[in-house]
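To keep things clear, I will list the structure first and then write my remarks on it.
Chain naming here is simple, since letters A, B, ... match the order of the sequence lines and numbering starts at 1 in each.
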Number of protein chains: 2
Amino acid sequence: MPGKDEHEPVPIRTALSRADGIDLDIIELLFFAYRDFTSDPDQILAADGFGRAHHRVLHFVNRMPGLTVAELLDVLKITKQSLARVLKQLIDTGHIVQLPGPKDRRQRELYPTQRGRALALALARPQSRRIDAALKETGRDKRDVIEGFLKAMVNPDLRAQIDNLPGRPGTLGSDDG
Amino acid sequence: MPGKDEHEPVPIRTALSRADGIDLDIIELLFFAYRDFTSDPDQILAADGFGRAHHRVLHFVNRMPGLTVAELLDVLKITKQSLARVLKQLIDTGHIVQLPGPKDRRQRELYPTQRGRALALALARPQSRRIDAALKETGRDKRDVIEGFLKAMVNPDLRAQIDNLPGRPGTLGSDDG
DNA sequence: AAAATATGTCAGCCTTGTTGACATATATCG
DNA sequence: CGATATATGTCAACAAGGCTGACATATTTT
């Protein structure tokens, strides 16, 4: 019997459990929590023919209006070609506009339109409500604990991306107006 | 100029902020935390030519050995055809084996092999370490708060899926042996 | 003027989701 | 027993959203 050998693989009947030294509880909670967390906007997006990729672009353009294509690529960690597809759709549908960079006119600064802002808010609202409900259940005084934990889950070298968002401790104040 | 009208969309220059009544902080923290949380196993999976879909299948087969294809589909919420592709690969590579159901021989009970168990553990380990490090930073006594929050983020009707996993409060004890 | 940079775009590939249709083995119903 | 229902497998086609490589264009820098 060449190629199959005699070691037919033996099925393991015991469940992987916490006894294996793995924090399965939180691993699974993160999986389920995130799945449902993203399900809210997914439905709204589908109505416009958009997907999660559009959501991410729209969110960060709303959070950092005027950021360039290169800066957006850095936040999203995707390629120019991947971005191009969804960005084009968001521009064609009037959710985002591009303006030539005032200093470097090769750059394209990205801004949300009123429609883009409205959609971003519509997408964020159910997520915010879900968070609020969960926080209420947990105890609102525990907010700092939750934030601390989530931030500690992020790669240290990428935490700067969070801190540089507007309205954060240690914000640079990108609007000089 | 038909089709373009005169209302060229006006760029919004102010950043979406917490003043808009949205919990942007936790929304973004969840995004970044989950992104990095999943990046750990992604690298290991790539070495075997697997993706995140394989991870999910492997995880739940390890957590609920002997579950049927239909049960797995219910947990993953994907179609039979989507599952078939990745499941076939996991079987062909000796990570998972199928046994005909003892009562209903149309069913296929899914079990991990030693190799499948090892890979599941290898994938879970860095995630567990990341959680542990974050928990250490936050304070291990806050563990219940974190778990409570994450569970509260899950759709109420889907929390049963969590509670039915082995080693959970209110476990049914699926092994009757 | 030449080289580097920022962006856009074309073409093609991969993974992982989808639907629809159909085959097979087994169980159940009448 | 025969018909029907069920559990699973599989084929074909399609879509979203990642990827790479190559090349065009505008603009800035050298």
Side-chain angles (χ1 to χ4, degrees), chain A residues 31 34-35 38-39 41-61 66-93 96-111, chain B residues 31 34-35 38-39 41-61 66-93 96-111:
Chain A
F31 171 71
Y34 196 77
R35 183 184 67 175
T38 53
S39 72
D42 280 355
Q43 295 194 314
I44 301 169
L45 288 158
D48 298 65
F50 293 153
R52 224 170 271 183
H54 302 85
H55 186 186
R56 289 193 285 267
V57 170
L58 195 57
H59 179 90
F60 287 108
V61 169
L67 90 172
T68 65
V69 170
E71 286 167 344
L72 183 53
L73 288 176
D74 191 54
V75 173
L76 298 178
K77 306 271 185 235
I78 58 174
T79 59
K80 182 176 54 164
Q81 297 88 331
S82 293
L83 174 60
R85 261 189 311 233
V86 298
L87 182 55
K88 191 173 191 316
Q89 291 175 278
L90 287 167
I91 290 168
D92 290 348
T93 52
I96 290 178
V97 289
Q98 292 176 311
L99 298 183
K103 296 189 62 170
D104 186 335
R105 279 164 38 226
R106 290 171 303 180
Q107 297 183 334
R108 300 281 176 267
E109 292 188 344
L110 303 173
Y111 295 91
Chain B
F31 170 72
Y34 196 78
R35 183 183 67 175
T38 53
S39 72
D42 280 356
Q43 295 194 313
I44 300 169
L45 288 159
D48 297 64
F50 293 152
R52 224 171 273 183
H54 302 85
H55 187 185
R56 290 193 283 268
V57 170
L58 195 57
H59 179 89
F60 286 108
V61 169
L67 90 173
T68 65
V69 170
E71 286 166 345
L72 183 53
L73 288 175
D74 190 54
V75 173
L76 298 177
K77 308 269 186 235
I78 58 174
T79 58
K80 183 177 54 166
Q81 297 88 332
S82 292
L83 174 60
R85 259 187 313 233
V86 298
L87 182 55
K88 192 174 193 311
Q89 290 176 280
L90 288 167
I91 290 168
D92 289 348
T93 51
I96 290 178
V97 289
Q98 292 177 312
L99 297 185
K103 294 188 63 171
D104 187 335
R105 279 164 38 226
R106 289 171 304 180
Q107 297 184 335
R108 299 283 176 267
E109 292 188 346
L110 303 174
Y111 294 92

Legend entry - Which residues share a side chain to side chain donor-acceptor pair (under 3.5 Å) with A:Gln107, sequence neighbours left out: none
Inset, instruction - Could you pull out all residues at least two apart from A:His59 that satisfy ring-ring contact (aromatic ring centres under 6.0 Å, His included)? - result: none
Legend entry - From B:Phe50 atom CZ to B:Leu58 atom CG, the distance as rounded to the nearest 0.5 Å: 8.0 Å
Inset, instruction - Name all residues meeting the side chain to side chain contact (heavy atoms under 4.5 Å, CB included) criterion together with A:Gln98; count only those two or more places apart in sequence or in a different chain, and write none if there are none. - result: A:Leu87, A:Ile91, A:Arg108, A:Leu110
Inset, instruction - Walk along DNA chain C from 5' to 3' and tell me the first and last nucleotide with an atom closer than 4.0 Å to a non-hydrogen atom of chain B. - result: C:dT16 to C:dA27
Inset, instruction - Can you sort out the partners of B:Tyr111 under side chain to side chain donor-acceptor pair (under 3.5 Å), two or more places apart, ordered by chain and number? - result: B:Glu109
Inset, instruction - With sequence neighbours excluded, tell me which residues meet side chain to side chain donor-acceptor pair (under 3.5 Å) with B:Asp42. - result: B:Arg52
Inset, instruction - With heavy atoms under 4.0 Å as the rule, sort B:Gln98 into base, sugar-phosphate or nothing. - result: sugar-phosphate
Inset, instruction - Provide the closest heavy-atom pair for A:Val86 versus A:Ala53 in the form atom of the first, atom of the second, distance. - result: CG1-CB, 3.7 Å
Inset, instruction - Pick out which of B:Leu45, B:Thr38, B:Ile44 makes a side chain to side chain contact (heavy atoms under 4.5 Å, CB included) with B:His55. - result: B:Leu45
Legend entry - Protein proximity profile, nucleotides 13-21 of chain D - base contact B, sugar-phosphate-only contact S, no contact -, cut-off 4.0 Å on heavy atoms: ----BBBBB
Legend entry - Contacts of A:Ser39 that satisfy side chain to side chain donor-acceptor pair (under 3.5 Å) - sequence neighbours left out: none
Polar atom pairs between nucleotides 28-30 of chain D and protein, under 3.5 Å, N or O only, would you list them?
residue, atom, partner, partner atom, Å
D:dT28, OP1, A:Arg105, N, 3.3

Legend entry - side chain to side chain contact (heavy atoms under 4.5 Å, CB included), paired with B:Val61, selected from B:Ile96, B:Val97, B:Val75: B:Ile96
Inset, instruction - If a pair satisfies salt bridge (Lys or Arg N to Asp or Glu O under 4.0 Å) and one of its residues is in residues 72-90 of chain B, list it, with sequence neighbours excluded. - result: B:Asp74-B:Lys77, B:Lys88-B:Asp92
Legend entry - Residues which pass side chain to side chain contact (heavy atoms under 4.5 Å, CB included) with B:Leu76, listed by chain and number, not counting sequence neighbours: B:Arg56, B:Val57, B:Phe60, B:Leu72, B:Ile78, B:Leu83
Inset, instruction - Convert the base pairs of DNA chain D into dot-bracket notation, remembering that pairs crossing earlier ones are written with [ ] and that bases paired across to another strand are shown as |; include only Watson-Crick or G-U pairs under 3.5 Å. - result: ||||||||||||||||||||||||||||||
